[in-house]
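A short write-up of the structure that comes next.
Bear in mind the structure is a predicted one, so any value in this text is a computation, not a measurement. Numbered from 1 within each chain, the chains take letters A, B, ... in sequence-line order. Both backbone and side-chain heavy atoms feed into the values below; hydrogens, waters and symmetry mates do not.
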Amino acid sequence: MSLTNREIADIFEQIAVMLEIKGEIIHRVLSYRRAGETVRDLPRDLRAIAAENGLTEIDGIGKTLAEKITEMLETGKLEFYERLKGEIPLGLVDVVRINGVGPKKAKLFWKELNITSVTELEAAARAGKLRDLAGMGEKSEKKIIEGIEALARQTGRTPLGIALPAAQAILDQLLKLPGVVEGAIAGSIRRGRPTIGDVDLLVASDDAEPIMQAFVSMDQVGRILGHGPTKSSVELLNGLQVDLRILAKERWGTALNYFTGSQAHNIRMRELALEKGLSLNEHAFSPVDASKNIIEDAPKILCNTEEKVYATVGLPWIAPELREDSGEIEAAQAEKLPNLITLADIQADLHMHTLWSDGRNSVREMAEAALERGRRYIVITDHSQYSAIANGLSAERLLEQQEEVRLVDADMRPFRVFHGVEMDIRSDGSLDYPDEVLVQLDFVIASLHMSLRQERSVITQRVLNAIQNPHVDLIGHPRGQLLPDREPADLDMDAVFAAAQKHGTALEINANPRRLDLSAEYARRAIELGIPLAIDTDAHAPEQMDLLHFGVLTARRGWVPAASVINTWPVEQFIEWTKKRGR
DNA sequence: GCCGTTTTCGGCCCGACTGTTTTCAGTCG
């Protein structure tokens, strides 16, 4: 009956599009759009916030939107939305998703040709009925057909683990071109978002056109979406969209800042600039007069570094991972930016698999691979018996494995190899080993793998059972999401956090880019509550240990300092912490 | 629709590219 955060976010975003088609003032539209985005990324259940009368304390939610949220939570419906659907066909929301079609065109097609869906639009375009409309022509009609085809191919957002290497490969090619002084991946990849819409690349050069020509001519380019002298967009053969901007080196700071975003962060930066009598764009700061018009003959301020951009608006440099307008500007102003964790802070990997269950390498091979990568200690954590499909270990085999782990540990000192397990939390809520077994291990992870779609109270209780067990040290990939498509389990995270806080149980940020679970938003909430975190690779083979940086990126997005992460600790501190926990 | 030690009303960031236009609206990021 009651709607979820995600469903409410969807409705707000649909309302924004419908209002825009209707011709509402853009700022009212943007209020709904921003509210949708905020609700989507919220690390708490709206039901819990509403119960505390805290809805209007959410940034961008005022009295009106709070009332609408309350109505949806209480009735499962929104009268305003239902009425709007009577005025503006809902199918137009999808029409606007077509590249090159915005609210004005959608309204034109609807009013002139009674088109209310993508299917109807495609039929009209193929029949040549669009070209005679005002402001349309043959080229526009063709672009719409291409846009519809691209939309059908599109599989949604791309996981960071795929996008980052793809972006790096293109950038590496660009960096080899003559005249390229500098290059960087910008956009949501640089900010470490778990999934990305398109790839944003930035290059510094004084001679942009030949570089741009080389870019749109690359082998992996399937289609050119736009091609100007300093800005181009292409669709790669694998479907990924890549945007490239080229600016002069002396503008690198403003350009990188602008192109990294987020859009919300950029808006705040530009507002701060205006307060100082400056207009900020990707090229420079320009002095403005009282009515905010650029003073043409006043000297502009160029910034070749981001540090200079931030300094010009009176702020210290802000790490890209924080640039979401989620408090980082205020923290910077108060000189209270977090001291973010870095990859170099990580001392250990507490979650990995071997040939004993579904890993591809031996205990010794995994230990040597971790040592090569600079880790100082690891925990071997194979699957427990309930995960039969992953060759999970019976209690007997688990203790057999312990002998092997002890041998490798003795051989490799001072590098340490501890013996743990990734124990299933069974569907009925029980744990997969009795306490007598758990007490013999150095470290215990408990994870959900099965029955992830159980109803909220049932699946939440499973996790609580694990957190409350004094032998369980860490909850692995707590919400069970798989990017980009598998939704997390319907856990009551307020209850999970409260229990973890009470029992001192750690929560994992699983670094595998398919997981990144906890997400940054939840990680941020966890550290605010003083809950310890661990960043682990869950490696099933040595090369997967190289994915650790994705977990660190996610932690940084969650404002996590090193001290909150147990595997940044020296081994003695780690041992002491586990001993305090009932073994 | 939100928001406020400059405001409870009147603001709310900025530019590149495209296709259709004879100077610009629409779209996108």
Side-chain angles (χ1 to χ4, degrees), chain A residues 12 15-17 19-21 23-36 38 55-69 80 95-109 130-144 146-147 186-188 196-202 208 212 216 224-234 241-247 251 254-255 257-275 278-286 288 290-294 313 325:
Chain A
F12 278 159
I15 288 173
V17 176
L19 289 178
E20 204 176 6
I21 292 170
E24 267 290 348
I25 59 159
I26 191 64
H27 297 107
R28 189 175 177 218
V29 171
L30 290 174
S31 292
Y32 278 96
R33 185 160 298 150
R34 190 163 44 219
T38 302
L55 289 176
T56 53
E57 280 160 42
I58 302 170
D59 230 18
I61 306 289
K63 190 163 168 287
T64 309
L65 289 176
E67 280 169 8
K68 289 186 164 64
I69 291 172
F80 174 66
V95 169
V96 170
R97 290 178 60 221
I98 299 164
N99 214 309
V101 180
K104 299 279 169 43
K105 291 270 173 65
K107 185 175 185 178
L108 177 76
F109 301 148
L130 301 184
R131 61 185 65 178
D132 298 326
L133 297 174
M136 292 289 295
E138 275 186 54
K139 274 191 176 174
S140 305
E141 192 176 72
K142 185 159 167 280
K143 272 193 88 166
I144 283 173
E146 285 174 2
S188 49
I196 64 122
D198 54 33
V199 172
D200 297 313
L201 299 179
L202 180 65
M212 206 48 102
V216 300
I224 300 171
L225 305 172
H227 180 191
T230 66
K231 176 181 173 180
S232 293
S233 293
V234 299
Q241 184 179 325
V242 183
D243 298 345
L244 173 66
R245 280 298 293 270
I246 305 180
L247 286 101
R251 300 169 191 272
T254 44
N257 182 241
Y258 157 76
F259 217 31
T260 297
S262 65
Q263 200 174 15
H265 179 86
N266 287 352
I267 288 171
R268 293 296 305 277
M269 289 292 287
R270 288 167 180 187
E271 285 170 357
L272 288 179
L274 282 174
E275 287 171 20
L278 298 167
S279 169
L280 170 62
N281 64 27
E282 60 266 50
H283 298 286
F285 288 95
S286 308
V288 292
S291 48
K292 295 179 185 171
N293 295 315
I294 290 174
V313 297
D325 188 23

Nearest-Å distance once atom C1' is located in both B:dC17 and B:dG10: 33 Å
Heavy-atom closest pair, residues A:Asn266 and A:Asn257: OD1-O, 3.5 Å
Is there any protein nitrogen or oxygen under 3.5 Å from a nitrogen or oxygen in nucleotides 20-28 of chain B, and what are the pairs?
unit_1, atom_1, unit_2, atom_2, d
B:dT20, OP1, A:Gly137, N, 2.8
B:dT20, OP1, A:Gly137, O, 3.4
B:dT20, OP1, A:Ser140, N, 3.3
B:dT20, OP1, A:Ser140, OG, 3.0
B:dT27, OP1, A:Gly102, N, 2.7
B:dT27, OP1, A:Gly102, O, 3.2
B:dT27, OP1, A:Lys105, N, 2.9
B:dT27, OP2, A:Lys104, N, 3.2
B:dT27, O5', A:Gly102, N, 3.4
B:dC28, OP1, A:Ile98, O, 3.4
B:dC28, OP1, A:Gly100, N, 2.7

Heavy-atom closest contact (A:Leu244 atom, A:Met212 atom, distance): O-CE, 3.5 Å
Watson-Crick/G-U partner (both atom distances under 3.5 Å) of B:dT8: none
Touch class at under 4.0 angstrom, heavy-atom based, for A:Tyr258 against every strand present: base
Sugar-phosphate only, base, or nothing, as touched by A:Lys292 at under 4.0 Å among non-hydrogen atoms: sugar-phosphate
Candidates A:Lys231, A:Arg245, A:Arg251 - the one meeting side chain to side chain contact (heavy atoms under 4.5 Å, CB included) with A:Glu282: A:Arg245
B:dT22 versus B:dT5 - spacing of their P atoms, nearest Å: 47 Å
Closest-nucleotide 5' rank along DNA chain B - winner of A:Gly62 and A:Gly226: A:Gly62
Sugar-phosphate only, base, or nothing, as touched by A:Leu30 at under 4.0 Å among non-hydrogen atoms: nothing
5'-most by nearest nucleotide on DNA chain B - A:Asp59 or A:Leu225: A:Asp59
Integer angstrom distance from the C1' of B:dG11 to that of B:dA16: 27 Å
Touch class at under 4.0 angstrom, heavy-atom based, for A:Asn266 against every strand present: nothing
P-based separation of B:dC28 from B:dT23 [nearest Å]: 25 Å
Phosphate contact (B:dA16 OP1 or OP2) by A:His283 side-chain N/O below 4.0 Å: yes
Spacing of the C1' atoms in B:dG19 and B:dC9 (rounded, Å): 40 Å
Over all atoms of both residues, closest heavy-atom pair of A:Leu247 and A:Leu202: CD1-CD1, 3.9 Å
Test item: A:Glu20 side-chain N/O and A:Val29 main-chain N/O as donor-acceptor pair under 3.5 Å: no
Euclidean distance for C1', B:dT6 against B:dT18 (whole angstrom): 41 Å
Touch class at under 4.0 angstrom, heavy-atom based, for A:Ser233 against every strand present: nothing
Distance between C1' atoms of B:dG29 and B:dC13 (Å, rounded): 13 Å
Touch class at under 4.0 angstrom, heavy-atom based, for A:Ile26 against every strand present: nothing
Touch class at under 4.0 angstrom, heavy-atom based, for A:Lys142 against every strand present: nothing
Sugar-phosphate only, base, or nothing, as touched by A:Ser232 at under 4.0 Å among non-hydrogen atoms: nothing
Whole-angstrom distance between B:dG1 and B:dT8, as gauged at atom C1': 14 Å
Touch class at under 4.0 angstrom, heavy-atom based, for A:Arg34 against every strand present: nothing
Nearest heavy-atom neighbours spanning A:Asn281 and A:Thr254: O-CB, 3.7 Å
